[in-house]
Amino acid sequence: MARAKKVVLAYSGGVDTSVCIPYLRNEWGVEEVITFAADLGQGDELEPIRLKALAAGASQSLVGDLVQPFIEGFAFPAIRANALYQGRYPLSTALARPLIAERLVAIAREVGADGVAHGCTGKGNDQVRFDVAIGALAPDLTVLTPAREWGMSREETIAYGERHGIPSPVSKGSPYSIDLNLLGRSIEAGPLEDPNVEPPEEVYALTVAVDQAPDQPETVTIGFERGNPVSLDGERLDPVSLVRRANALAGRHGFGRLDMVEDRVVGIKSREIYETPGLLLLIRAHQELESLTVPADVLRTKRQLEMQWADLVYQGLWFGALKDAIDGFMDRSQQTVNGSVRMKLHKGNAIAVGRSSATDSLYVPDMATYGAEDRFDHRAAEGFIYVWGLPTRLSAAVRRQGG
Ligand code: ARG
């Protein structure tokens with residue numbers, strides 16, 4: 001029994017998604033498989049990937065440039081939210097999934113498909129993100145997930161592909177599982193599965209090792225408007241070019257590597273290596289500008305909501321009501337985040353060395369100064385502290401008496 005007749009498959013050109021094509025047709029009776037490969041700035045040639053899908057039996061092979069919506073609609077909100085899953089991972093992979101899901105659904109509508117498919121396994125986060133997003137956007141479409149069900153080992157998958165005209169991967173060498181887009185790279189598996197083993201230098205591609213980084217520091221001024229990065233060193237750049245430049249700059253100074261054990265949605269801990277040079281640089285600079293331009297109480301609440309925002313995106317709830325509601329807070333909080341931050345890059349570090357805002361700085365010099373211009377009423381502190389410390393003094397006294 002066919003689960004769907006006409007299916008749009010998220011396609012990367014790798015073995016797993018390639019094998020999905022004959023598998024869907026031969027094992028699950030799907031009549032037509034239409035593939036979609038997304039350009040997310042990963043730098044792959046998409047034409048060979050497009051042809052590969054046709055060779056594997058796709059009836060139509062589509063490619064789409066999603067770089068600009070990816071950066072504007074997904075990366076920039078993450079920067080505004082200073083989104084770091086478990087305080088560290090800036091969600092470079094996670095952010096792409098709801099966008100791909102959106103496109104899959106749109107294509108399914110255009111071609112009149114009754115299903116969408118992806119090649120994610122049953123152990124990862126990406127399956128959760130795709131399935132939840134598709135279910136929210138198009139509950140009528142069947143989601144087909146061959147790799148979650150076929151139970152084939154890597155070798156069996158390759159052998160199955162070879163029987164259906166899919167060449168086995170040329171570089172049998174790489175033991176790593178890699179995901180790549182303009183926001184960064186994630187590297188898993190192989191020797192990295194031992195969390196006690198240092199990652200070999202070969203896993204990195206976007207960042208240099210600290211000992212290879214230049215001895216001379218480099219300082220860049222990052223301009224923001226309403227929390228969005230808009231310029232580097234005074235030059236106004238479109239969002240995609242800005243992220244590209246930030247990647248190159250931070251990468252050549254060895255900034256943006258991450259080696260962590262993270263908690264997946266499905267309950268397991270996994271060891272992950274990331275390189276997200278530009279995104280981490282922009283988040284750091286953004287945090288710095290917020291410290292100058294956002295009132296303390298808003299900032300305190302925002303820091304809590306940021307964690308929640310990152311969790312929601314990591315856990316596949318991009319299209320959920322809570323994420324939407326928090327977005328409302330985030331947008332409002334960014335109205336004053338205008339100005340610029342100077343970041344110094346040196347030997348694996350990115351350090352803020354200056355911040356300014358002509359319109360929204362809350363830093364009031366004659367309040368902050370220890371000099372003669374001081375306008376702060378020092379005597380007023382006494383009454384404030386009397387009231388502020390009252391409950392602490394009272395409870396301490398009671399405890400003392402109680403012995
Ligand atoms: N652990 C990261 C995340 O969940 C990276 C996932 C990489 N995905 C992949 N298919 N290789 O966002």
Side-chain angles (χ1 to χ4, degrees), residues 9-20 36-38 40-44 49 66 70 74-75 77-78 81 83-101 104 117-134 143 145-148 150 154 157 169 171 174-193 195 199 203-207 256-277 279-280 283 307 309-318 323:
L9 166 70
Y11 188 67
S12 71
V15 181
D16 286 305
T17 51
S18 294
V19 168
C20 284
F36 172 66
L40 294 160
Q42 65 271 41
D44 285 344
I49 291 176
L66 301 184
F70 181 44
F74 295 80
L84 298 171
Y85 179 63
Q86 300 193 313
R88 301 179 72 190
Y89 162 48
L91 303 169
S92 43
T93 292
L95 288 164
R97 302 316 185 201
L99 174 60
I100 296 171
L104 288 176
H118 60 71
C120 301
T121 67
K123 262 173 103 162
N125 299 315
D126 291 327
Q127 54 163 350
V128 181
R129 297 165 185 153
F130 280 129
D131 291 15
V132 173
I134 294 161
V143 184
T145 58
R148 198 154 67 190
W150 63 35
R154 176 97 186 142
T157 310
S171 57
S174 176
Y176 305 110
S177 161
I178 293 167
D179 183 66
L180 174 63
N181 62 48
L182 187 56
L183 297 184
R185 279 172 88 239
S186 99
I187 312 103
E188 296 164 78
L192 302 172
E193 283 181 2
V203 306
Y204 298 106
L206 306 177
T207 53
R257 292 185 178 186
L258 219 54
D259 174 353
M260 67 187 279
V261 174
E262 82 186 23
D263 288 283
R264 288 193 187 171
V265 187
V266 295
I268 59 178
K269 288 192 182 290
S270 69
R271 200 280 184 88
E272 308 274 340
I273 306 299
Y274 299 104
E275 353 177 48
T276 54
L279 184 55
L280 276 179
I283 288 176
M307 264 191 274
W309 196 95
D311 281 354
L312 292 169
V313 173
Y314 186 87
Q315 294 164 351
L317 305 180
W318 179 273
K323 155 79 168 42

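Both ligands and their constituent atoms are indexed starting at 1 by order of listing. Numbers here simply count residues along the sequence, with the first being 1. All values below come from the heavy atoms of this structure, side chains included, with hydrogens, waters and symmetry mates left out.
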Ligand-residue contact atoms, ligand 1 with Glu272, heavy atoms, under 4.0 Å: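 Counting atoms of ligand 1 from 1, those under 4.0 Å from Glu272 are 1 (N), 2 (C), 5 (C).
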As an exercise, identify every atom of ligand 1 less than 4.0 angstrom from a heavy atom of Arg129.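 Near Arg129, meaning under 4.0 Å from one of its heavy atoms, ligand 1 has 3 (C), 4 (O), 12 (O).
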Salt bridge check, Lys123 against Glu188: does any charged N sit closer than 4.0 Å to a carboxylate O?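 A salt bridge is absent here (no side-chain N lies under 4.0 Å from a carboxylate O).
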Please test Tyr274 against Arg257 for side-chain contact (heavy atoms from CB on, under 4.5 Å), starting from the C-alpha separation and ending with a verdict. CA-CA 6 Å; Tyr274 299 104; Arg257 292 185 178 186; over 6 Å; no
Kindly give the heavy-atom pair with the smallest separation between Leu66 and Ala38, and that separation in Å. CD1-CB, 3.7 Å
Where do Thr157 and Asp16 come nearest, in terms of heavy atoms and distance?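 Smallest interatomic distance, heavy atoms only, reads CG2-OD1, 3.6 Å.
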Nearest neighbour in protein (non-hydrogen) for [atom]:
| atom | answer |
| --- | --- |
| atom 4 (O) of ligand 1 | Asn125 ND2, 2.7 Å |
| atom 1 (N) of ligand 1 | Glu262 OE2, 2.7 Å |
| atom 2 (C) of ligand 1 | Tyr274 OH, 3.0 Å |
| atom 9 (C) of ligand 1 | Asp126 OD2, 3.4 Å |
| atom 12 (O) of ligand 1 | Tyr89 OH, 2.6 Å |
| atom 5 (C) of ligand 1 | Ser186 OG, 3.6 Å |

Nearest 0.5 Å, what's the CG-CD distance between Leu258 and Glu272?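 The CD atom of Glu272 is 10.0 Å from CG of Leu258, to the nearest 0.5 Å.
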Any chance you could measure Arg129, atom CZ, to Leu99, atom CG, to the nearest 0.5 Å?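 These two atoms lie 13.5 Å from each other.
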When you look for heavy atoms under 4.0 Å from ligand 1, do you find them on the side chain of Arg264, its backbone, both, or neither? neither
Anything under 30° is parallel, anything over 60° is perpendicular, the rest tilted; go ahead and classify Tyr89 against Tyr314. perpendicular
Hey, does Ser177 sit under 4.0 Å from ligand 1 if you only count heavy atoms? yes
